[in-house]
Amino acid sequence: MYLNSPICSKFERLLNDEIAFGEYMLDFRIEDGLKKSTYIGDFAEKIAIRHNITDRPVTVWDTDQEGIKALKKMRFIYLTSQLEAFFKEYISHHLRIDIEHYNNQTSVEPESREWGRIHTGKKASKSLLNLHFTGYLFKNRFDIDFPQILHPATMEMGQLRNCVVHDLGKIKSLEYVGLLQNTSAFLGLDLEVGSVVEIKHELMALYIEDFRNLFEKCDKVIN
């Protein structure tokens with residue numbers, strides 16, 4: 001995809017080169033390699049007993065697959081960081097603000113004040129990763145209604161990031177059950193307090209496709 005905006009082009013390239021490539025290529029190759037690598041000797045017997053494996057050789061995948069799950073968590077967190085950076089650079093550029101001086105409260109003060117007036121709880125957050133707030137900001141400032149092109153589960157990724165970073169994906173309150181209801185539906189989960197949301201391939205694939213569409217939509221505003 002060719003994008004005219006240097007900012008949109010930059011972050012689309014990062015998305016493809018650093019996020020999508022790892023998600024669609026590297027993880028599967030790593031998993032395949034680990035499943036083909038087997039333990040031998042006494043150590044293999046100990047591992048087999050520990051993991052209750054009696055019908056096949058013990059592979060490195062049997063002992064280290066949690067590492068792949070950790071890679072997905074790290075990639076998800078990196079993706080949210082890239083998205084936040086995109087929003088910050090895009091807003092700063094179009095409002096002619098030095099990015100070093102950008103502040104969610106003062107740089108877009110009218111939107112921040114109004115958002116805080118009409119919302120309460122975690123939804124009142126002015127974080128750029130609260131995509132409901134950022135969607136409101138982009139619509140008001142740039143006439144870009146990007147929430148309409150994003151899946152409802154994608155709109156919740158900021159709240160999911162909080163769960164992953166602070167609570168290892170565990171749902172700690174009823175408020176988060178509500179905040180992640182679309183993510184829950186997309187993954188086919190029945191969330192309740194104490195449930196754990198795992199960063200799965202299908203969720204990352206959704207984010208990747210949605211953010212490609214987001215960069216394309218934002219590319220139409222150039223100045």
Side-chain angles (χ1 to χ4, degrees), residues 11-12 15-16 19-20 22-24 27 68-88 90-91 104 111-112 114-140 142-218:
F11 282 96
E12 189 218 17
L15 176 70
N16 290 330
I19 303 294
E23 187 62 34
Y24 289 112
D27 286 1
I68 296 296
K69 294 180 181 179
L71 281 177
K72 289 194 179 298
K73 288 181 184 178
M74 289 185 285
R75 189 175 295 125
F76 166 70
I77 293 168
Y78 180 57
L79 174 60
T80 61
S81 297
Q82 287 292 350
L83 183 64
E84 185 176 35
F86 165 73
F87 285 142
K88 187 175 180 180
Y90 192 92
I91 295 168
N104 288 353
E111 289 83 5
S112 291
E114 180 63 11
W115 189 259
R117 186 185 68 81
I118 61 180
H119 292 288
T120 60
K122 296 188 184 302
K123 195 170 183 180
S125 168
K126 286 96 171 179
S127 165
L128 293 177
L129 287 179
N130 179 1
L131 298 189
H132 297 283
F133 167 68
T134 309
Y136 165 74
L137 171 61
F138 268 56
K139 175 64 176 174
N140 198 56
F142 312 123
D143 198 27
I144 298 176
D145 188 10
F146 73 72
Q148 69 173 337
I149 65 168
L150 301 186
H151 191 282
T154 301
M155 293 294 294
E156 298 173 348
M157 73 177 306
Q159 289 77 21
L160 180 56
R161 182 187 188 279
N162 288 338
C163 287
V164 171
V165 170
H166 299 291
D167 300 308
L168 302 179
K170 181 177 289 188
I171 305 300
K172 286 294 188 73
S173 69
L174 284 174
E175 182 178 18
Y176 270 104
V177 173
L179 290 171
L180 295 174
Q181 61 181 336
N182 294 302
T183 303
S184 173
F186 178 78
L187 293 174
L189 303 175
D190 186 14
L191 285 186
E192 57 185 20
V193 176
S195 299
V196 175
V197 181
E198 183 179 331
I199 304 300
K200 292 184 175 291
H201 171 72
E202 55 265 37
L203 190 59
M204 288 297 295
L206 173 68
Y207 293 154
I208 289 167
E209 187 60 30
D210 268 2
F211 293 144
R212 284 172 176 159
N213 293 333
L214 169 66
F215 298 148
E216 183 178 13
K217 190 171 185 66
C218 291

For the student: nearest non-hydrogen atoms of Leu15 and Leu79, plus distance: CD1-CD1, 3.7 Å
Check against side chain to side chain contact (heavy atoms under 4.5 Å, CB included), Leu71 and Met74: CA-CA 5 Å; Leu71 281 177; Met74 289 185 285; 3.7 Å; yes
Gap separating the CG atom of Asn16 from the CD1 atom of Ile208, nearest 0.5 angstrom: 8.5 Å
For residues 189-197, please give each side-chain donor-acceptor pair under 3.5 Å, one per line with the distance, not counting sequence neighbours.
| unit_1 | atom_1 | unit_2 | atom_2 | d |
| --- | --- | --- | --- | --- |
| Ser195 | OG | Glu192 | N | 3.0 |
| Ser195 | OG | Glu192 | O | 3.0 |

Between CH2 on residue Trp115 and OG on residue Ser112, distance to nearest 0.5 Å: 10.5 Å
Residues, nucleotides or ligands: over 12 heavy atoms within 6.0 Å of Lys122 NZ: no
Where Gly135 and Pro147 come nearest, the two heavy atoms and their spacing: CA-CG, 3.7 Å
Any residue meeting side-chain contact (heavy atoms from CB on, under 4.5 Å) with Lys200, in chain and number order, not counting sequence neighbours: Leu187, Glu198, Glu202
Side chain to side chain donor-acceptor pair (under 3.5 Å) involving Lys123 - partner list, sequence neighbours excluded: none
Met157 vs Leu203 side-chain heavy atoms within contact, under 4.5 Å: no
Contact check, side chains of Ile171 and Cys163, non-hydrogen atoms, under 4.5 Å: yes
Rounded distance [0.5 Å steps], CD in Glu209 versus OG1 in Thr154: 10.0 Å
Closest non-hydrogen atom pair, Phe133 against Ser125: CB-O, 3.6 Å
Geometric class of the Phe142/Tyr90 ring pair [parallel <30°, tilted 30-60°, perpendicular >60°]: perpendicular
Heavy-atom side-chain proximity of Asn130 to Gln159 below 4.5 angstrom: yes
Selection residues 72-82 - residue pairs positive for side-chain hydrogen bond (donor to acceptor under 3.5 Å, both in side chains), sequence neighbours left out: Glu18-Tyr78, Glu23-Lys72, Glu23-Arg75, Asp27-Lys72, Asp27-Arg75, Tyr78-Gln82, Thr80-Arg161
Any pair counted as side-chain hydrogen bond (donor to acceptor under 3.5 Å, both in side chains), so long as it reaches residues 177-187, sequence neighbours left out: Glu156-Asn182, Glu156-Thr183
Plane angle bin for Phe11 and Phe215 - parallel if under 30°, tilted between 30 and 60°, otherwise perpendicular: tilted
Interatomic spacing from CG in Leu206 to NE2 in His201 - rounded to 0.5 Å: 11.0 Å
Those residues that, when tested against Asn140, pass side-chain contact (heavy atoms from CB on, under 4.5 Å) (two or more places apart): Glu111
Side chain proximity check, Phe76 to Leu160, heavy atoms < 4.5 angstrom: yes
Straight-line distance of Leu179 CG to Leu174 CG, nearest 0.5 Å: 11.0 Å
Plane angle bin for Phe87 and Phe146 - parallel if under 30°, tilted between 30 and 60°, otherwise perpendicular: parallel
Pairwise distance CG(Leu83) to OH(Tyr207) - rounded to 0.5 angstrom: 10.5 Å
